[in-house]
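Data block below; observations after.
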Amino acid sequence: MKRCAVLVSGFGSNLQALIDAGHKLGGGIAVVVSNRAGVEALQRAERAGIKHHHLSPRDFASRDDFDAALARLLDDYSPDLLVLAGYMRILNPAFVEHFADRMLNLHPSLLPRYPGLHTHARVLAAGDREHGSTVHFVTAALDGGPAVLQYRLRVDPADTEASLSARVLVGEHIILPRAVNWFLTGRLSYQGGQVMLDGGPLNTPHVIEEVRPPTSAATKPAAT
Ligand code: GRF
C-alpha cells in the first residue's frame, strides 16, 4: 500500500478530510509535519494515531537549512507522495526538486488565477463571478504547477471573505482526498512534465461544481 506524508501549518481541516477518507484514501498517511507548534492539525494527527512532528524554522539558521532538515525528516518515512494541505511556507528549489513529481498542493483559487495569498479578498475585489480551489502538482513556480482537480463555485453578491472561505473549504474536503486517492492507487502521475490520469494525458483539470442545498423557497410546497 502506498503512503503519503502531509505538511500542515494550522487548523488542519483538510488533513482531517484525508483521515476521514479512511480506506477510501487508497493508501496510508505515514506522517504529518507542521512548521507551527501546538496547532490543531497536529492534534488531529495525534487523535488519529498518526506519527507527527513539529519542525520550527526558528531552530535553523536559514530557509535552506530548514528545508533540508524537513526533507530528511520526511525521507525517514519513505512517502510515495507529499501532500501540502494548508502548508503556509514557501519551499526552496532543492526541496521541490527532491520531491519532484510526487508533491500535490491545495490552493484556494481557480489556478492559474490568483496564485499567492488572500485569494478570497482578491476574487471579491475583482468582482469575479466564479471562484474555487485547485489541487496541483508542485513545481518551482509558486502555485504554478499543472492543475489536476478543481472545485468551482459561483460567487454570490452577498458573499464575503468568510463565506467564500467556508464554501471553498467544503470543496477542498472533496477534491483533496480524491486527488490523493488517484495518486496513491496509481491512477494519477506526473512524469516528464506531463500529468497522466488513467493512462492518458490530463491537460486540463477535472472540475467538480459546487452543489448547494436547495433554498427554502425551492423546497416549500407551491402556494395553493
Ligand atoms: C485551505 O483553504 C487551503 O487551501 C489554504 O489554507 C486552508 C487550510 O485549511 N492554503 P486547513 O488548515 O486544512 O483547515
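Just so you know, these numbers come straight off a predicted model, no measurement behind them. All ligand and atom numbering here is 1-based and tracks the order in the structure.
- Residue contacts with ligand 1: G12 is placed with a nitrogen or oxygen under 3.5 Å of a nitrogen or oxygen of the ligand (distance criterion only).
- Electrostatic pairing of D128 and R154 does not count as a salt bridge here, judged by no charged N lying under 4.0 Å from a carboxylate O.
- When the heavy-atom distances from atom 2 (O) of ligand 1 to H120, H173, E172 are ranked, the shortest goes to E172.
- Two different hydrophobic clusters hold L84 and L42 under the rule that ILVMFWY side chains link at heavy-atom gaps under 4.5 Å.
- Looking at atom 14 (O) of ligand 1, its nearest protein heavy atom turns out to be S13 OG, 2.6 Å.
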Please tabulate, for the side chains in residues 17-31, all donor-acceptor contacts under 3.5 angstrom to protein atoms that are two or more places apart in sequence or on a different chain.
{"residue": "D20", "atom": "OD1", "partner": "Q16", "partner atom": "NE2", "Å": "3.0"}

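- A salt bridge links E40 with R47: at least one charged nitrogen is closer than 4.0 Å to a carboxylate oxygen.
- Checked against a 3.5 angstrom limit, the closest N/O atoms of N14 and ligand 1 fall inside it.
- Taking 4.0 Å as the cut-off, L106 counts as a neighbour of ligand 1 on heavy-atom distance.
- The closest protein non-hydrogen atom to atom 6 (O) of ligand 1 is G86 CA, 4.0 Å.
- Applying the ring-ring contact (aromatic ring centres under 6.0 Å, His included) test to H120 and every residue at least two apart in sequence or in another chain returns H131.
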